[in-house]
Amino acid sequence: MLVNPVKRAYLALESWFNISFGTEWNPLYHLGTLSFFLFWVILVSGIYLFIPFHGSLAGAHASVEYITHDQWYAAGIMRSLHRYASDAVIITVLLHMFKEIASGRYRGFRWFSWVTGIPNLWMIVTIGITGYWLVWDQLAQYIAIGSARLMDALPIFSGAMTRNFVSGEMTDRFFILIEFLHLLGQPMLLVFMLWLHVKRLSNVDINPPRGLAMGTFIALLALSLIKPAISHAPANLSTMPQVLNIDWFYLNIYPLLEYWPEANIWILTTGLTFLLMMLPWLIPKKDGPIAVVDLDHCNGCGICFDDCPFDAITVQARTDGARFDQEVIVNPELCGACGICAGSCPASNPFRTSGGVLKTGIDMPQLPVDEMRTLTRETIAAMDGDIKILVFGCEHGLNVKRLDSDDTRSVRLICSGMLPPTLVEYALKQGADGVMVTGCRQNDCYFRFGNRWIKNRFEGKRKPILRGRANRNRIRLHGAAETDQKEIEKDLSDFRTQLTRLNQAAESASDGTG
Ligand code: HEM
């Protein structure tokens with residue numbers, strides 16, 4: 001399998017970052033929101049720089065020099081923040097992309113987020129290029145000539161662009177066009193593309209945790225003070241720029257022009273873009289059957305609508321004449337088949353029917369709530385040993401079957417969020433001494449919110465809540481990726497010890513010796 005070693009490498013990196021940053025502030029769990037935060041830094045610093053910047057061929061370089069040297073303590077710092085936040089955003093976006101590949105979150109129903117993500121990367125790179133152009137120093141001259149060569153290779157320009165840079169022919173009009181693109185045209189297109197990018201997701205958070213945002217800002221500020229951004233000598237179209245400090249995050253394509261014809265560079269970039277865009281179909285994945293609504297058991301409460309991570313559920317007026325006002329429908333295009341809706345439906349209550357089939361308002365054909373209940377009952381009945389621990393685990397984290405032993409047995413779910421809290425209560429009633437629920441690593445749910453919702457439900461912060469009568473000491477939540485077997489075994493062993501003590505205390509109490 002291609003992704004396994006990649007995923008392993010990524011999980012190892014994540015674990016390493018967890019040690020340094022903790023799970024809450026681990027930047028690898030917040031790459032999308034961190035990219036948004038960096039945009040805010042770029043935007044605010046950009047607006048500030050726009051005030052002293054002179055948008056003309058004659059005035060641009062001098063005004064940037066004034067910003068950098070005369071105003072180093074204010075505008076100069078803003079310039080460096082603008083530069084370093086722009087570099088950082090390339091890192092966070094590339095890591096975000098790598099993470100989606102490593103965890104297989106780019107194909108199947110997610111194709112839309114993937115395909116709309118790729119142009120964002122190009123948009124950012126081209127905004128960076130026009131930004132460097134605006135300084136109108138020798139680096140800008142190098143970019144301008146390189147860009148003109150690339151444009152002229154396209155049949156629409158056929159030589160017209162390079163003429164702009166032959167000595168004396170570059171006009172302020174052209175410079176203003178670049179300024180317009182950098183300040184307005186490209187950012188507006190990027191905002192639209194970003195909106196499109198997250199359109200199919202619900203509850204999208206665009207702000208990273210405050211501590212992470214502060215830490216990132218302080219790091220950028222420190223870098224700006226230690227190594228302020230500077231310019232090259234002013235552009236001079238009658239000479240060839242000599243030594244240039246290339247920003248490899250944005251300008252990596254230009255040095256290639258020295259070795260390759262322009263057409264080859266176009267073939268490379270468009271080919272790579274096309275290949276990346278097609279990735280969801282080149283390594284396809286079949287999603288499971290989608291959620292199915294059973295109006296006979298749906299009262300239209302809308303909890304599943306609130307919980308769905310992919311905006312696949314809509315609430316509409318009742319169509320079956322039942323006494324309720326609303327019903328829910330599932331959009332098959334958007335459904336990720338995660339089952340979180342089945343876990344959120346109040347009708348998914350194993351205590352509702354004693355012998356017959358358990359029907360619920362919204363269910364997954366591949367693992368209906370009734371089957372989850374049967375599996376729970378049968379798995380507990382098959383256990384042997386003094387302490388019986390039932391583990392509910394999701395398919396995308398650690399394979400919990402690896403934890404099975406005489407006294408520990410597992411039930412695999414599509415996502416931990418598909419577990420109705422009442423099923424945990426049911427398991428304890430059926431004779432389990434303890435129940436462990438383990439989804440993906442905390443903050444890193446394959447289906448975005450499964451492990452967060454289950455935690456909130458257990459803590460009484462999200463409906464349907466784990467009822468007060470469920471003994472919390474006998475319930476444990478864990479998050480484990482495929483590579484986290486040691487960690488979960490340790491937690492399981494602690495849990496076993498805790499359950500043994502609880503059982504001993506309960507026995508003593510019933511013997512009257514406690
Ligand atoms: C321009 C910068 C980008 C920003 C600011 C950004 C931001 C985001 C955000 C905030 C999310 C929602 C995450 C969540 O709430 O779970 C997201 C999802 C996603 N992004 Fe990006 N993204 C960017 C570029 C990209 C690129 C270049 C790709 C790869 C081609 C990509 C692929 C994805 C995918 C596949 C998802 C869906 C994840 C899921 O369904 O769990 N993004 N992005």
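Only this structure's heavy atoms are used, side chains among them; waters, hydrogens and symmetry mates stay out. Throughout, residue positions are numbered sequentially from 1 according to the sequence presented.
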Please determine if [X] and [Y] form a salt bridge, counting it only when a charged side-chain N lies under 4.0 Å from a carboxylate O.
X	Y	result
Arg352	Asp370	no
Arg496	Asp407	yes
Lys463	Asp307	no
Arg200	Asp311	no
Arg105	Asp444	yes
Glu14	Lys99	yes
Asp494	Lys490	yes
Lys285	Asp287	yes
Asp320	Arg318	yes
Asp296	Lys359	no

| said: Before we go on, tell me: are the rings of Phe21 and Trp25 under 6.0 Å apart, centre to centre? | reply: no
Any donor-acceptor N/O pair, [X] side chain to [Y] backbone, under 3.5 Å:
X	Y	value
Arg409	Ala381	no
Trp266	Leu150	yes
Asn399	Glu482	no
Asn451	Arg441	yes
Arg412	Phe392	no
Arg448	Pro309	yes
Ser493	Glu489	no
Asp433	Lys388	yes
His197	Ser113	yes
His82	Ser45	no

How many angstroms lie between atom [atom1] of [X] and atom [atom2] of [Y], to the nearest 0.5 angstrom?
X	Y	atom1	atom2	answer
Gln442	Leu477	CD	CG	9.5 Å
Glu395	Met418	CD	CE	9.0 Å
Ile253	Ile129	CD1	CD1	7.5 Å

| message | Ile127 vs Tyr250, test: side-chain contact (heavy atoms from CB on, under 4.5 Å). Steps then yes/no. | response | CA-CA 9 Å; Ile127 296 178; Tyr250 285 92; over 6 Å; no
| task | Return the minimal non-hydrogen interatomic distance between His96 and Gly32, and the atom names on each side. | result | ND1-N, 4.1 Å
| request: Write down the atom of Ile389, the atom of Leu499, and the distance for their closest heavy-atom approach. | output: CG1-CD1, 3.7 Å
| task | State whether a side-chain donor-acceptor pair under 3.5 Å links Thr273 with Trp122. | result | yes
| task | Would you check if there is a donor-acceptor pair between the side chains of Gln316 and Glu327 at a distance under 3.5 Å? | result | yes
| said: For Asp294 and Asp363: C-alpha separation, side-chain torsions, deciding distance, then whether side-chain contact (heavy atoms from CB on, under 4.5 Å) applies. | reply: CA-CA 8 Å; Asp294 181 349; Asp363 215 345; over 6 Å; no
| request: Could you please spell out the steps behind the side-chain contact (heavy atoms from CB on, under 4.5 Å) verdict for Val437 and Arg476? | output: CA-CA 6 Å; Val437 182; Arg476 188 162 288 209; over 6 Å; no
| said: With heavy-atom distances below 4.5 Å as the criterion, would you say the side chains of Leu390 and Thr379 are in contact? | reply: yes
| task | Before giving the answer on ring-ring contact (aromatic ring centres under 6.0 Å, His included), spell out for Phe192 and Trp195 the whole-Å C-alpha distance, their side-chain angles and the decisive distance to 0.1 Å. | result | CA-CA 5 Å; Phe192 170 74; Trp195 167 80; 5.8 Å; yes
| field | Trp281, CH2 atom: more than 12 neighbouring heavy atoms under 6.0 Å | value | yes
| task | Describe, in one word, how the ring planes of Phe447 and Phe109 are oriented to each other, choosing from parallel (under 30°), tilted (30 to 60°) and perpendicular (over 60°). | result | parallel
| request: State which residue, out of Leu251, Ile90, Asn120, fulfils the side-chain contact (heavy atoms from CB on, under 4.5 Å) condition with Val125. | output: Ile90
| Ring-face cation contact, Phe458 with Arg452, 6.0 Å cut, 45° max | no
| request: Begin from the C-alpha positions of Thr422 and Arg467 and carry the test side-chain contact (heavy atoms from CB on, under 4.5 Å) through to its verdict. | output: CA-CA 8 Å; Thr422 38; Arg467 293 183 288 195; 3.7 Å; yes
